[in-house]
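Order of appearance sets the numbers: ligands from 1, and atoms from 1 within every ligand.
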Amino acid sequence: MENNTTRSTRDLTRIPESYWITSTPDTSYPALDKDLTADVAIVGGGLVGISTAFLLKQAGVKVVILEADRIGKGTTGHTTAKITSQHSLIYAHIEQYFGHEIAQQYADANQAAIQTVARIVHEQAIDCDFSHRPAYVYTQAEDYIEKIAKEAEIAKQLGIKADYLEETPLPFPIKAALRFAEQAQFHPRKYLLALAKLIPGNGSDIFETTRCVDIEKDDKLPKVITENGHKVSAERIIIATHFPFYDGLGLYFTRIYQERSHVLAIRMRDSFPEGMFISAESPTRSLRSQKYDDGELILVGGEHYKTGQGENIINHYNNLRDFALTTFDVEDILYRWSTQDCQTVDKLPYVGHLTANTVNLYVATGFGKWGMTNSTVSAMLLRDLIVKGESPWQDAYNPSRVTITASAPEFVKQNANVAVNYISGKLAILPVEPEIKVGEGRKIATDGKIAGAYRDEAGKLYLVDTTCTHLGCEVSWNDAEKTWDCPCHGSRFSYKGDVLEGPTHKPLNKIDQAPNDPEPNL
Ligand code: FES
């Protein structure tokens with residue numbers, strides 16, 4: 001772990017790194033090196049996978065977790081970690097498109113998730129900076145006042161302790177706000193790592209650096225297949241890989257799109273008011289504090305955009321920095337990081353059976369930006385489906401629901417957007433420039449093909465084929481993270497071509513250079 005007192009990244013030039021990851025130890029669970037059998041195999045060691053395994057083990061089920069990288073380093077390691085049932089203005093949307101019963105299920109599930117995390121923290125004595133806080137959604141726009149008032153009214157009808165306000169403790173004026181009482185926040189990796197320690201033993205286990213690439217269903221017991229060819233046979237398989245690594249004809253890539261957003265962790269000279277805050281309108285501004293050394297960090301988040309789309313991604317960080325500098329008395333900016341979220345076309349998550357015909361395959365995805373409560377909801381819901389055969393919230397989260405009115409506009413928009421990006425990526429006209437500078441990445445023409453080029457700090461040039469290995473769209477350069485991001489369904493790759501985020505599990509093809517020729521042929 002790093003010495004906190006030596007940091008300063010005010011100029012935003014350092015490689016992004018998450019405070020949650022930097023401030024917790026690495027894990028070293030073994031890789032799977034043989035075939036196994038378990039009651040339940042869970043693919044993915046984020047908060048969904050670990051929480052579900054914990055609850056299943058408590059129910060007497062033998063569980064195996066298979067994580068492609070290290071547990072808790074994906075979305076869980078890059079969140080703002082607000083544990084809230086307040087998901088911006090979600091309840092008015094659910095009431096309008098799904099009806100009161102489904103809104104009640106969603107509210108009950110997320111309120112129960114807050115209580116479940118609080119109970120686990122207390123019972124297991126987990127030191128994870130957990131504290132109850134109110135959550136606010138505020139507006140500075142006249143046309144959102146009525147929306148906030150309506151959301152407050154619906155939330156109250158659903159039994160949530162919600163209040164409409166005309167001011168908040170924030171140091172800037174607002175037009176209206178909605179306050180949910182008894183919400184919470186924590187350090188997500190401290191929580192996850194403590195839970196993970198409770199899983200191995202009595203037939204349950206965790207395997208890291210074990211990438212799963214397929215599921216075989218050719219006999220009674222389905223099997224997860226790893227990229228090294230090992231098989232885990234299980235009565236039930238849960239896909240908890242953020243974007244599902246296996247589709248099974250659920251056609252998730254037509255119903256989910258991925259967005260990125262950014263976080264700055266700043267120190268300020270004043271103290272931050274108690275509470276978690278988010279703006280109702282764009283550009284989104286999300287704020288919370290976090291215990292840090294003898295003081296606190298303030299997390300300033302927002303600036304979402306569809307993965308792989310847009311240029312000069314670093315400007316999103318610059319916008320957050322400018323907001324922070326004009327809003328707070330900033331002493332320093334210590335960390336910056338990004339996260340990726342799966343959004344469903346009708347705004348409700350998919351948790352339950354992968355398809356209506358796959359009784360022993362389950363999925364949990366599409367939490368939008370509200371993964372802390374929804375991952376715990378997923379754990380409870382999946383445990384109940386597996387142990388009891390039903391959950392009180394299964395209809396609200398049903399992955400096979402048909403919600404044409406709620407989903408059609410976003411479905412059409414997203415799939416048209418994929419088509420446009422597929423075609424425009426292929427038509428790119430590339431400037432012929434002979435030199436890629438240190439730290440620079442861009443597409444170039446080489447041997448009549450498009451190649452993605454990046455030169456690292458040591459001067460080494462990396463060339464990759466920019467055809468996404470999922471369904472063939474052209475990836476684009478992300479200058480803030482030094483990655484290749486796909487504009488179609490959000491797969492991401494390192495500058496070397498290694499997979500960082502699915503749906504793909506195959507790396508970009510590498511392009512060889514001529515020996516002794518550090519520059520590509522142009
Ligand atoms: Fe689907 Fe790239 S993620 S084509």
Side-chain angles (χ1 to χ4, degrees), residues 43-44 46 68-69 74-75 78 211-215 227 239-261 304-311 313 338-345 350 354 363 365-368 399 410-428 441-443 449-454 462-511:
V43 185
D69 185 11
T75 308
H78 295 85
R211 184 176 293 282
C212 298
V213 295
D214 203 359
I215 291 176
E227 69 181 347
I239 299 167
T241 52
H242 193 51
F243 201 113
F245 84 101
Y246 173 83
D247 189 80
L249 294 188
L251 301 180
Y252 284 91
F253 61 90
T254 68
R255 304 192 279 144
I256 294 175
Y257 59 99
Q258 301 206 68
E259 285 189 350
R260 294 191 67 67
S261 53
H304 65 275
Y305 62 96
K306 195 172 173 194
T307 302
Q309 301 192 9
E311 294 178 347
I313 303 299
S338 303
T339 192
Q340 180 139 315
D341 294 297
C342 289
Q343 317 274 141
T344 67
V345 287
Y350 299 135
L354 183 69
V363 70
T365 187
F367 304 154
E410 201 60 43
F411 179 88
V412 170
K413 184 173 143 197
Q414 293 304 329
N415 286 286
N417 178 272
V418 166
V420 165
N421 275 287
Y422 183 86
I423 292 164
S424 64
K426 304 293 178 198
L427 296 178
R442 61 187 159 89
K443 291 184 191 176
K449 293 187 200 147
I450 301 174
Y454 173 74
Y462 294 85
L463 293 180
V464 293
D465 183 337
T466 53
T467 306
C468 178
T469 51
H470 177 226
L471 293 176
C473 289
E474 283 288 311
V475 296
S476 61
W477 181 243
N478 176 337
D479 62 339
E481 325 289 337
K482 312 291 186 204
T483 58
W484 294 103
D485 298 353
C486 182
C488 288
H489 311 108
S491 290
R492 299 180 62 242
F493 307 85
S494 72
Y495 58 77
K496 297 177 182 175
D498 300 327
V499 177
L500 299 175
E501 311 247 10
T504 191
H505 54 78
K506 295 183 205 139
L508 294 176
N509 291 318
K510 294 177 176 52
I511 295 177

Worksheet item: Is the gap between the SG atoms of Cys488 and Cys473 under 2.5 Å?
Response: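 Cysteines Cys488 and Cys473 qualify as a disulfide pair, their SG atoms being under 2.5 Å apart.
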Worksheet item: Using the benzene-type ring in the case of Trp, are the ring centres of Tyr454 and Trp477 under 6.0 Å apart?
Response: yes
Donor-acceptor check, side chain of [X] to backbone of [Y], threshold 3.5 angstrom: yes or no?
X	Y	value
Gln309	Pro487	yes
Thr469	Lys506	yes
Glu501	Asp485	no

Worksheet item: Parallel, tilted or perpendicular: which fits the ring planes of Tyr350 and Tyr252, with parallel below 30° and perpendicular above 60°?
Response: perpendicular
Worksheet item: When you check the space around atom 2 (Fe) of ligand 1, which protein N, O or S atoms turn up under 2.8 Å?
Response: Cys468 SG, Cys486 SG
